[in-house]
Novice: 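I have a structure here, written as structure tokens, and I will follow up with some questions on it.
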Amino acid sequence: MASTDTSPQAESQDLAGLEAGLDALDSVRVERTPFTQVLLHKVLPPAVAVVLVLAVWKVLVLAHVTDDYKLPDPSAVWHSLHELWLRGTLLDIVWTSVSRGLLGFLAALVLGTPLGLLVARVRFVRAALGPILSGLQSLPSVAWVPAAVIWLGITDSAMYAVILLGAVPSIANGLVSGIDQVPPLYLRAGRTLGATGARGAWHILLPAALPGYIAGLKQGWAFSWRSLMAAELIASSPDLGLGLGQYLENARTDSDMPGVLLGILLILFVGIAIDLIVFSPLERRVLRSRGLAAAAR
Amino acid sequence: MAPALTTDPSGTAVVDDDIPAAVRIDHVHKSFGRAGAAQPVLDDITLDVRPGEFVCLLGASGCGKSTLLNLVAGLDRPTAGTIEVPGGRPALMFQEHALFPWLTAGRNIELALRLRGVARAERRPEAERLLELVRLDGAYGKRVHELSGGMRQRVALARALAQDSRLLLMDEPFAALDAITRDVLHHELTRIWSETQLSVLFVTHNVREAVRLAQRVVLLSSRPGRVAREWTVGIPQPRRIEDAAVADLSVEITEELRGEIRRHGKH
Ligand SMILES: Nc1ncnc2c1ncn2[C@@H]1O[C@H](COP(=O)(O)OP(=O)(O)OP(=O)(O)O)[C@@H](O)[C@H]1O
Ligand SMILES: [Mg+2]
């Protein structure tokens with residue numbers, strides 16, 4: 001090709017320099033938040049909230065708003081906890097429930113994921129099951145406990161059945177809405193690259209739907225935990241291992257209010273801890289790696 | 001030098017079946033909507049791109065340029081007529097970068113390589129080579145949101161090149177960029193095109209961009225889209241967008257484009 005009045009070499013170099021400048025100007029720098037900032041913004045506010053709640057509680061006790069057996073002193077609850085710990089049963093009780101909850105959750109994951117995929121991708125299945133799944137999600141899973149007990153007796157299977165009925169709809173629905181929200185552009189881009197059928201689902205659809213799916217998992221865990229506690233409370237029997245729900249129920253029959261409060265607090269604590277240890281970091285990682293705004297907090 | 005050769009003022013291109021083509025669009029019609037109230041978008045488009053040729057498709061907004069590219073890419077089917085792409089599935093670069101945000105820049109390219117069947121061990125070096133080709137050597141591990149608009153388009157170009165197809169379709173890939181970045185990318189694209197002997201079908205509504213890049217400019221009319229006119233651009237590469245010859249031909253084509261748009265205001 002013939003050259004114009006500027007030499008192509010010089011022009012090329014000129015443009016390369018320009019390019020480097022533009023890239024440097026435009027690049028985003030990602031910084032890690034320093035440790036003291038984390039302490040100040042993430043740890044301090046909830047700590048303050050907990051201290052406030054304890055303070056209000058203590059004030060109410062000191063003011064004698066009600067009888068001691070209805071509202072025990074915070075130290076009585078602490079004492080119950082200490083006693084459980086000394087008897088060596090605290091970790092057993094927590095672990096019985098947590099292992100049931102996690103196992104049930106995993107089973108719900110294994111069932112809910114293909115179900116969600118089917119509902120999202122097969123029109124007939126969506127028309128048939130979509131409304132039922134959404135409906136089930138708003139049905140409190142406590143409602144299943146009597147049925148599960150009649151079908152399966154007061155057994156571990158009944159517990160797992162209740163967990164599944166509570167968590168599978170959440171997980172499946174999360175995946176469905178995750179898939180529904182995948183921008184069509186990604187699917188088209190995938191198709192031009194040759195990702196069709198199963199390869200399209202694996203390489204494009206599922207990773208694109210991941211944020212919605214994880215939100216579904218998070219909710220699925222919450223439902224698993226809730227359902228399990230309801231089942232343990234209602235269907236408690238000495239034949240089953242002692243879990244948090246049974247501990248709570250036993251404390252109620254003994255009119256042991258510090259024990260009841262301790263049971264409630266432990267259930268709350270486990271729910272929050274699993275969310276903080278497993279799901280929140282997972283969600284944050286996925287969102288942050290995609291540069292989604294929710295991760296900036 | 002002769003700035004341009006005007007060919008075929010009637011707008012009906014002659015298709016010669018004996019000459020090999022990178023894509024052969026033959027009497028293609030496309031309408032959207034149900035049979036009764038179908039909206040014709042493309043009407044009897046006949047257009048060939050020869051192997052190694054750079055063709056710009058020019059037309060007003062909404063005239064069906066993206067629709068035509070989608071048809072060529074196989075993302076949609078023509079209502080009538082045929083489209084032949086002898087070299088196999090073409091690569092398509094969208095107006096939005098369409099990079100997958102869950103993958104790094106390098107992994108986006110590797111996914112294209114993987115789907116093409118490149119062996120695992122060869123993917124990484126090939127991805128690095130393609131990033132070098134678009135002058136983004138250090139960007140392999142960067143997330144999509146960490147890249148600037150111009151860098152994203154270059155990664156998208158590298159990913160399209162990773163498909164190793166003989167035909168590259170580009171849908172206004174630089175429309176959202178500032179003038180200087182666009183200038184740089186025009187330069188890169190012409191360089192890559194002359195190095196790789198690709199055939200390119202490039203859609204734009206920027207007349208100067210079309211004249212800066214193309215060997216042939218095809219003007220589409222609007223509603224329904226038809227081939228209104230073609231120009232062969234004889235200005236030798238490398239061109240610059242501010243060259244007088246580019247400007248002169250742009251004025252001529254713009255005048256024609258205005259006429260096309262004005263025609264619609266009359267009824
Ligand atoms: N899926 C669809 N269903 C119905 N109408 C459509 C569809 N896709 C495109 N159209 C119509 O076809 C016409 C051409 O659209 P197209 O996107 O091809 O235009 P374009 O030339 O690419 O415009 P622009 O330059 O603004 O990108 C428009 O009037 C649009 O409304
Ligand atoms: Mg378009």
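Throughout, a chain's letter reflects where its sequence line sits, starting with A, and its residues are numbered from 1.
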Novice: At a heavy-atom distance under 4.5 Å, which candidate from L185(B), L111(B), V144(B) has the highest pair count against chain A?
Specialist: L111(B)

Novice: Based on non-hydrogen pairs under 4.5 Å, which of I204(A), V286(A), L210(A) is most in contact with chain B?
Specialist: I204(A)

Novice: Using a 6.0 Å cut-off, check whether atom CZ of F32(B) has over 12 heavy atoms from anything other than its own residue.
Specialist: yes

Novice: Which residues in residues 101-109 of chain B have a heavy atom less than 4.5 Å from any heavy atom of chain A?
Specialist: P101(B), W102(B)

Novice: Answer with side chain, backbone, both or neither: which region of L99(B) has an atom nearer than 4.5 Å to a non-hydrogen atom of chain A?
Specialist: backbone

Novice: I need the L185(A) CG to H97(B) NE2 distance, nearest 0.5 Å.
Specialist: 8.5 Å

Novice: For R89(B) and T192(A), which heavy atoms make the closest approach, and how far apart are they?
Specialist: NE-O, 3.1 Å

Novice: Checking heavy atoms, do the side chain of R199(A), its backbone, both or neither come under 4.5 Å from chain B?
Specialist: side chain

Novice: Among A208(A), S289(A), G190(A), P183(A), which has the most heavy-atom pairs under 4.5 Å with chain B?
Specialist: S289(A)

Novice: Of all the heavy-atom pairs spanning A189(A) and R159(B), show the shortest one and how long it is.
Specialist: CB-NH2, 3.9 Å

Novice: For the backbone of G194(A) and the side chain of Q163(B), can you confirm whether one donor and one acceptor N or O come within less than 3.5 Å of each other?
Specialist: no

Novice: What parts of residues 122-129 of chain B touch chain A if we use heavy atoms and a cut-off under 4.5 Å?
Specialist: none

Novice: Could you tell me whether the side chain of R143(B) and the main chain of R290(A) form a donor-acceptor pair under 3.5 Å?
Specialist: no

